[in-house]
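We use all heavy atoms of the structure for the numbers below, so side chains are in, but hydrogens, waters and symmetry mates are not. Below, chains carry the letters A, B, ... as their sequence lines are ordered, and counting in each starts from 1.
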Protein chains: 2
Amino acid sequence: MNLKQLAAHLGLSQTTVSRALNGYPEVSEETRKRVQQAADQHNYRPNTRAKALATGRAMAIGHVIPLSSRHEMMNPIFGDFISGAGESYSNAGYDMVLSLVADKEQSSAYHEMVAKRNVDGIVLHAPEMRDPRITLLQKIGLPFAVHGRATEITTPYSWLDVNNRSAFQRATDFLLDLGHRRICLVNGQENMDFAFRRRRGYEAALTARGVEIDPQLLFADEMTEVYGYETVRRTQRLDDPPTAYLVSSIIAAFGVRRAIEESELVMGRDISVITHDDDLSYLRNGADVPVFTATRSSVREAGRKLAQLLITQIETPGSPPLTELLEAELTVGRSTGPAPNRT
Amino acid sequence: MNLKQLAAHLGLSQTTVSRALNGYPEVSEETRKRVQQAADQHNYRPNTRAKALATGRAMAIGHVIPLSSRHEMMNPIFGDFISGAGESYSNAGYDMVLSLVADKEQSSAYHEMVAKRNVDGIVLHAPEMRDPRITLLQKIGLPFAVHGRATEITTPYSWLDVNNRSAFQRATDFLLDLGHRRICLVNGQENMDFAFRRRRGYEAALTARGVEIDPQLLFADEMTEVYGYETVRRTQRLDDPPTAYLVSSIIAAFGVRRAIEESELVMGRDISVITHDDDLSYLRNGADVPVFTATRSSVREAGRKLAQLLITQIETPGSPPLTELLEAELTVGRSTGPAPNRT
DNA sequence: CCAAATCACCAAAGCGCTTTGACTGATCAT
DNA sequence: ATGATCAGTCAAAGCGCTTTGGTGATTTGG
């Protein structure tokens with residue numbers, strides 16, 4: 001059933017039917033009701049493609065996901081972010097189209113999206129510090145919003161980010177307050193902007209207390225379980241091993257915990273751990289009392305908000321870029337305690 | 001730059017330009033080259049919406065993801081599956097559109113997709129044993145393919161599945177061969193079809209050896225880390241605790257391992273563990289030697305293949321449903337060993 | 001040498017929708 | 001009574017593409 005048929009069926013013109021369904025005022029209430037009813041009855045839905053062609057709006061938003069292994073780390077996060085964003089989209093009537101592309105085809109993928117005009121806007125994931133994709137999208141002129149930020153790009157654009165610096169600074173402060181001085185940073189890959197900011201926060205806290213930054217305690221890699229495990233094994237063999245670990249992901253934190261327990265030590269007594277917790281739906285940080293002390297910020301919530309932000313931007317053309325900075329909460333669990341007295 | 005402009009620029013008709021670009025024979029090689037060049041130079045891409053409207057093909061495939069908590073478990077899997085599917089799509093020139101919908105709106109979501117005509121086919125995730133969505137899609141007549149199967153639906157449809165029954169039967173056999181008799185099944189929610197089949201495999205192996213099935217050792221729930229942990233804690237308090245665990249997901253297996261290590265036991269010596277391993281890119285089963293003995297089947301590969309299967313089906317209309325059954329490999333890691341002698 | 005076939009191209013219709021501009025009666029102010 | 005206003009409706013153009021059904025020009029075959 002299409003518009004034409006529906007109109008014929010009702011003995012009205014396509015114009016009137018279209019206007020009735022789209023809530024234009026120049027249609028009498030009576031006809032509007034009649035049209036609405038017939039539409040419902042025949043389960044009529046306007047053909048998206050025709051509508052898109054006529055209006056110039058695709059009612060869809062694109063996510064370009066890099067396939068490269070370097071970015072693989074965003075995978076665990078991805079599901080939750082997407083489902084948050086999806087909620088906002090479906091509320092606003094947008095579809096979400098995903099493009100998975102190999103790294104080198106990235107820029108052409110963006111060009112293609114804009115040339116093919118099948119999306120009204122784009123969400124950009126996992127930005128690096130000077131991410132060329134941002135400049136590219138600015139040039140192209142398609143609305144976009146970034147999940148995260150790019151430190152070295154100064155021209156304004158829309159983004160939503162967690163305050164990674166402040167979160168890690170507070171976490172480090174928390175450990176310092178407990179008397180820890182040897183704090184190991186188990187960070188994500190530091191070409192990713194968020195990881196860079198986290199390190200800045202960590203360093204700022206140490207510096208503020210006059211604690212020297214020991215490069216031996218600085219790690220940056222893909223945030224896997226094994227990475228967390230290995231890092232603890234390695235650092236505990238140092239002459240002056242760390243008494244605390246600040247971990248960038250709950251997945252790596254699992255590895256950290258495994259290494260601790262394997263060494264017959266007790267987490268929260270012998271060694272303290274704080275992790276960042278993206279509040280993933282399938283990797284909850286314990287039930288009632290959190291297992292880990294954590295800087296928590298729901299990535300699902302971030303998805304929801306970022307999508308909303310992009311939609312607003314799309315629907316109010318000419319508006320200036322929108323930004324939002326979320327603060328992570330520091331929730332205390334059982335993985336932290338006073339630094340043990342070394343004798 | 002659109003077709004019309006490009007044609008004008010070249011001094012040709014739209015027809016000729018269109019045909020040249022789409023490889024029709026009735027265009028001289030010379031003009032084709034000229035057109036191709038101009039198109040490249042101006043970075044011309046046909047407008048998807050117009051093309052879709054004209055051809056009736058959307059060049060897009062829909063994934064409807066249920067948002068309900070009951071299905072949350074598919075989240076960790078989801079990212080990998082999608083990225084596999086995405087590879088196939090982008091090779092074949094399809095877009096992927098995701099719809100996240102609340103449970104109760106499921107059926108209307110499918111109707112909407114078909115009425116709005118913005119996809120050429122649908123991938124269905126996480127089927128239950130008698131999944132109403134399958135019957136619905138059969139009725140609607142839109143091409144679709146299922147990741148998994150629905151035991152109780154007999155009319156043919158396209159699917160791709162891992163041989164869950166045989167995988168779990170072999171895994172159970174393996175444990176039985178090692179002398180284990182008390183084997184605990186840490187399964188996923190058994191309204192999901194795959195979980196049901198896994199239990200069947202487990203039961204078949206036990207029955208074949210005349211080992212009694214103890215309901216106290218049968219568990220089914222969302223596959224979280226905590227679930228694995230709790231299950232071990234609980235079962236180790238039994239009078240005759242299990243000496244082996246057969247686990248449905250590597251995430252739950254992490255919890256199992258944690259509980260074992262916390263009890264001062266050694267995995268692989270005191271207690272054996274086999275897990276199903278979806279070969280997730282961010283949760284690798286160890287590096288060289290796998291940590292866990294596992295039934296392994298890459299969910300990413302499944303995504304790739306299922307997408308391919310659906311595309312074939314879409315592009316050869318009238319073809320009978322396609323199906324593919326993947327066998328999981330049983331890889332031996334360090335988490336299994338002979339059953340300890342009870343004295 | 002002429003009809004038939006082939007080649008290279010084109011004009012125009014159509015996909016299903018929105019939107020512009022025009023057209024009726026009816027209502028209103030003068 | 002008369003022109004202006006307005007509510008309700010419609011025909012037709014247009015969005016950017018594909019595809020049908022041509023048309024002349026060239027080649028081919030008898």
Original post:
Going through the checks in order, is the side chain to side chain contact (heavy atoms under 4.5 Å, CB included) test met by A:Val97 and A:His63?
Top reply: CA-CA 6 Å; A:Val97 354; A:His63 290 236; over 6 Å; no
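Salt bridge A:Arg149/A:Asp193: absent, no basic N to carboxylate O contact under 4.0 Å. Taking the charged nitrogens against the carboxylate oxygens, A:Arg133 and A:Glu128 have no contact shorter than 4.0 Å, which rules out a salt bridge.
In the helix from C:dC1-D:dG30 to C:dT30-D:dA1, the terminal helix axes, each the rotation mapping four pairs' C1' atoms onto the next four within five end pairs, subtend 50°, rounded to 10°.
A:Glu26 places its CD atom 16 Å from the C1' atom of D:dT5, with the value rounded to the nearest Å. D:dA7 atom C1' lies 13 Å from atom CD of A:Glu29, rounded to whole Å. Atom NZ of A:Lys33 and atom P of D:dG8 are 13 Å apart (whole Å).
The side chain of B:Ser28 places an N or O atom within less than 4.0 Å of a non-bridging phosphate oxygen (OP1 or OP2) of C:dC9. Between C:dA8 and B:Thr16, no contact under 4.0 Å exists linking OP1 or OP2 to a side-chain N or O.
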**OP:** Do nucleotides 13-23 of chain D as a string where each nucleotide becomes B, S or -: B if the base has a protein heavy atom under 4.0 Å, S if just the sugar-phosphate does, - if no protein is that close.
**Re:** -BBBBBBBB--
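For residues 113-123 of chain A, every residue pair satisfying the side chain to side chain donor-acceptor pair (under 3.5 Å) rule, not counting sequence neighbours, is listed here: A:Arg57-A:Asp120.
Here the side chains of B:Arg34 and B:Leu10 are in contact, with some heavy-atom distance below 4.5 Å. When side chains are defined from C-beta on, A:Val17 counts as touching A:Leu3, because their heavy atoms get closer than 4.5 Å.
In this model, no donor atom of one side chain and acceptor atom of the other lie less than 3.5 Å apart for B:Ser18 and B:Thr15.
B:Phe144 CZ to B:Leu136 CG: the interatomic distance, rounded to the nearest 0.5 Å, is 9.0 Å.
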